[in-house]
> 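Here it is: the structure, laid out below.
Just so you know, these numbers use all the heavy atoms, side chains as well, and skip hydrogens, waters and symmetry mates.
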Amino acid sequence: MSPPINTRHLRRLLGVVLAVALASTLTALVRPTPAAAAPGDLILNGTFDNGSTQPWWTRLASTSTTVNAGQLRVRTSATVGKPVWEDLVGHFEFGVTAAQPYRLQFDAAADVSRSLRVSVSRADTPFTSAVDQSVALTPTMRRFTFDFTSPFGDPKAVLLFHLGGQASSTVRFDNVSLSPLAVDPATDPILYWNGVLLRTYQALDLPPTSSSREAAILHAAMHDAAVSVTGVGNPYRVRVPVSYPGTMDNVVAPSLHAAIDRAAYDVLTALYGGQGQSYTQALAGAVALRPSGVNAAEAARGDTVGAAAAAANLQARANDGSGNNTPYQLDVVPGSWRPTNGKAAVSPNWGLVTPFALTSGRQFRPGLPAGVTGGYADLLGEQEYRDQVQEIRDYGGQTSSLRTPEQTQIAFFWANDLGGTYKPPGQLFSHTRIVSEQRQLGILANARLFGLVALALADAAIAAWDAKYQTPIDLWRPVTAIEAMSGPGWQPLSQDRAGVPYTPAFPAYISGHATFAGAWSAVMKRFFGTDAIAFDATTDDPHAQGVVRHMTGFDHAAEENALSRIYLGVHYRFDADAGLATGRSVGAYVYANRLRP
């Protein structure tokens with residue numbers, strides 16, 4: 001019989017098997033030093049080609065291990081009626097990272113048909129598994145493959161083959177490997193559900209105010225679900241307590257994918273189910289993308305965590321003022337906003353909505369346009385105001401001779417104002433995804449990045465609408481100003497799908513597009529630690545189909561986004577400048593105060 005394994009291994013093994021009989025002796029055959037693992041493989045000596053059994057060990061002294069013809073042969077003890085972990089073959093002390101995807105592979109066969117349970121588990125309490133599956137062995141050697149995403153990080157995890165509870169038999173193993181997988185955006189649940197959100201935007205003609213709020217609830221819930229499962233990072237609203245119920249045979253950890261999926265499904269159903277949207281098929285699609293190593297118990301535990309994260313975030317916004325439908329009262333003086341395209345004011349009370357991170361919607365309120373301290377008459381008397389009106393007349397008109405072809409492209413590229421598009425928040429989420437995929441972010445990084453972007457966009461909307469409606473000047477749009485100065489005839493480049501001139505139905509100052517863009521760029525720069533990340537940006541606007549614009553950095557994108565509103569003829573330059581500045585302040589504040597790593 002081989003000498004006993006060292007006491008450190010003894011302590012860890014007894015932990016994994018939940019303190020079974022201390023009198024049992026752990027044994028391991030002393031063999032030559034095992035071969036190193038292949039690059040990226042966490043398992044040492046998984047091929048057994050050097051004739052060694054190290055570092056593989058057995059729990060029972062009566063279980064023998066040998067290497068024959070490059071295979072590990074295990075003669076098990078008779079343990080009928082005892083737990084499956086009564087007889088074990090295992091590999092100790094390799095590290096797994098929370099939310100990292102892995103692939104476990106092994107070849108196995110037995111001289112008689114029997115079952116085999118395999119797990120990758122914590123070595124210490126709580127004794128939970130990152131993967132826990134059972135397979136059926138036959139005399140024919142077969143390859144088994146399980147992909148999984150670890151719900152925890154552990155520098156000293158353990159791979160266990162559970163052989164107990166059955167009659168004695170000879171089991172053969174070969175080609176055992178455990179390797180981290182490259183990030184696959186197609187299976188990332190954060191990216192998946194953000195895509196579902198953007199399709200909802202396209203299906204419903206939603207204003208950027210409510211759509212940004214709903215995105216923040218969704219991404220906060222998914223972030224909280226991820227943080228709760230992995231224990232990594234700080235939640236936005238709630239860290240759902242994660243206990244580990246189960247018998248000694250089966251201590252169940254929640255599935256990270258299932259938790260995120262359930263959080264997203266519950267939030268979207270609560271927010272949009274009453275508007276005719278169903279997410280049953282989207283959930284089925286998400287389930288189909290889960291790693292093969294997720295078992296039913298883990299999925300059920302993930303559902304519980306995700307549901308709690310969704311409920312907490314929905315409840316927190318139940319009385320946030322977003323349902324305030326008090327009608328807007330027009331100021332009815334020169335310079336004041338009045339309906340454009342026959343549409344009533346959109347979201348006139350949104351500046352009063354409770355922010356997600358800011359102390360109030362007016363926390364970063366800009367000064368009045370052109371630096372005036374009085375009212376409309378003071379503004380209209382300023383030369384700066386007149387110069388800016390002239391700039392829009394020259395560059396933002398439908399028949400402008402000064403606007404260049406590239407400026408026209410920029411105008412439509414960033415528009416996304418029309419029903420059927422993913423609107424301004426959706427474009428910024430789309431660009432976030434482009435950069436995320438380019439930088440190969442994983443689930444936890446995406447949960448935090450998209451959470452920060454969503455919170456910043458939601459508060460940017462509140463700050464922008466505060467400036468639009470809650471200040472002494474609710475500024476009229478350029479089409480109204482130019483008509484007042486020169487009579488009818490001038491129309492903005494902005495148009496609907498039929499080519500009819502179109503101006504969004506809310507005051508000009510400050511630009512919502514610019515505020516969103518500033519908040520987005522501020523978060524992106526801080527998250528990645530630099531502005532100098534180039535990417536190819538896309539659009540959903542019907543007047544810029546297929547257009548891709550190359551951005552040299554986040555500020556470049558934000559500034560072009562803001563300027564586009566001048567070329568489109570729907571905003572003045574001070575709308576864009578003040579919007580960018582306000583948005584950047586919002587984004588910096590959100591990043592500094594929420595979802596800290």
Side-chain angles (χ1 to χ4, degrees), residues 98-99 126 128 149-153 187-197 200 212-245 252-273 279-280 282-283 286-287 289-291 294 297-320 322 354-357 429 442-458 590 593-597:
T128 50
T149 296
S150 182
F152 54 77
T187 62
D188 186 315
I190 303 297
L191 299 183
Y192 177 87
W193 287 104
N194 183 262
V196 173
L197 174 70
T200 300
S212 61
R213 169 187 178 268
E214 289 146 5
I217 299 172
L218 170 68
H219 279 287
M222 290 196 292
H223 176 269
D224 285 359
V227 167
S228 297
V229 168
T230 64
V232 177
N234 290 290
Y236 171 69
R237 180 60 59 184
V238 62
R239 187 187 299 273
V240 180
V242 178
S243 59
Y244 296 94
V252 181
S255 160
L256 177 61
H257 283 71
I260 294 172
D261 291 343
R262 179 59 184 269
Y265 174 81
D266 283 4
V267 168
L268 290 171
T269 300
L271 295 175
Y272 298 119
Y279 297 95
T280 303
L283 180 59
V287 171
L289 294 174
R290 291 177 187 171
V294 175
E298 291 161 348
R301 289 284 295 125
D303 278 350
T304 300
V305 174
N313 279 276
L314 287 165
Q315 180 59 38
R317 303 303 300 185
N319 298 295
D320 64 0
S322 59
T354 302
F356 285 79
F429 280 126
I443 294 174
L444 285 183
N446 277 328
R448 181 167 177 254
L449 174 60
F450 277 80
L452 287 166
V453 166
L455 295 174
L457 295 183
V590 168
N593 291 280
R594 293 293 185 272
L595 312 192
R596 302 307 300 158

> Would you name the heavy atoms of L455 and A216 that are closest together and state the gap between them?
CD2-CB, 4.1 Å

> What do you reckon, are the aromatic ring centroids of F356 and H219 less than 6.0 Å apart?
no

> Is there a side-chain contact between L283 and W193 in this structure, where contact means two heavy atoms from C-beta onward sitting under 4.5 Å apart?
yes

> How far apart are the closest heavy atoms of V267 and A310, and which atoms are they?
CG2-CB, 3.8 Å

> Could you please spell out the steps behind the side chain to side chain contact (heavy atoms under 4.5 Å, CB included) verdict for N194 and M222?
CA-CA 10 Å; N194 183 262; M222 290 196 292; 5.6 Å; no

> Side-chain contact, heavy-atom cut-off 4.5 Å: I260 with Y192?
no

> If you round to the nearest 0.5 Å, how far is CG of L218 from CG of L268?
5.0 Å

> Determine, step by step, whether T230 and I443 satisfy the side chain to side chain contact (heavy atoms under 4.5 Å, CB included) criterion, reporting the C-alpha distance in whole Å, the side-chain angles of both residues, the deciding distance to 0.1 Å, and the verdict.
CA-CA 11 Å; T230 64; I443 294 174; over 6 Å; no

> Run the numbers on L191 and F429 for side chain to side chain contact (heavy atoms under 4.5 Å, CB included), then give the verdict.
CA-CA 10 Å; L191 299 183; F429 280 126; over 6 Å; no

> I want to check something: taking the side chain as every heavy atom from C-beta on, are L452 and V590 in contact at a cut-off of under 4.5 Å?
yes

> Please give me the minimum heavy-atom distance between A458 and S212, naming the atom from each residue.
CB-O, 3.6 Å

> Less than 4.5 Å apart, side chain to side chain, heavy atoms only: is that true for R290 and D261?
yes

> Between L444 and A99, what is the shortest heavy-atom contact and its length?
CG-CB, 3.4 Å

> R213 and L271: side chain to side chain contact (heavy atoms under 4.5 Å, CB included), yes or no, with the steps?
CA-CA 10 Å; R213 169 187 178 268; L271 295 175; 4.3 Å; yes

> Ignoring hydrogens, what is the shortest heavy-atom contact between A225 and A263? Give both atom names and the distance.
CB-CB, 4.1 Å

> Taking the side chain as every heavy atom from C-beta outward, state whether V287 and H257 have any atom pair closer than 4.5 Å.
no

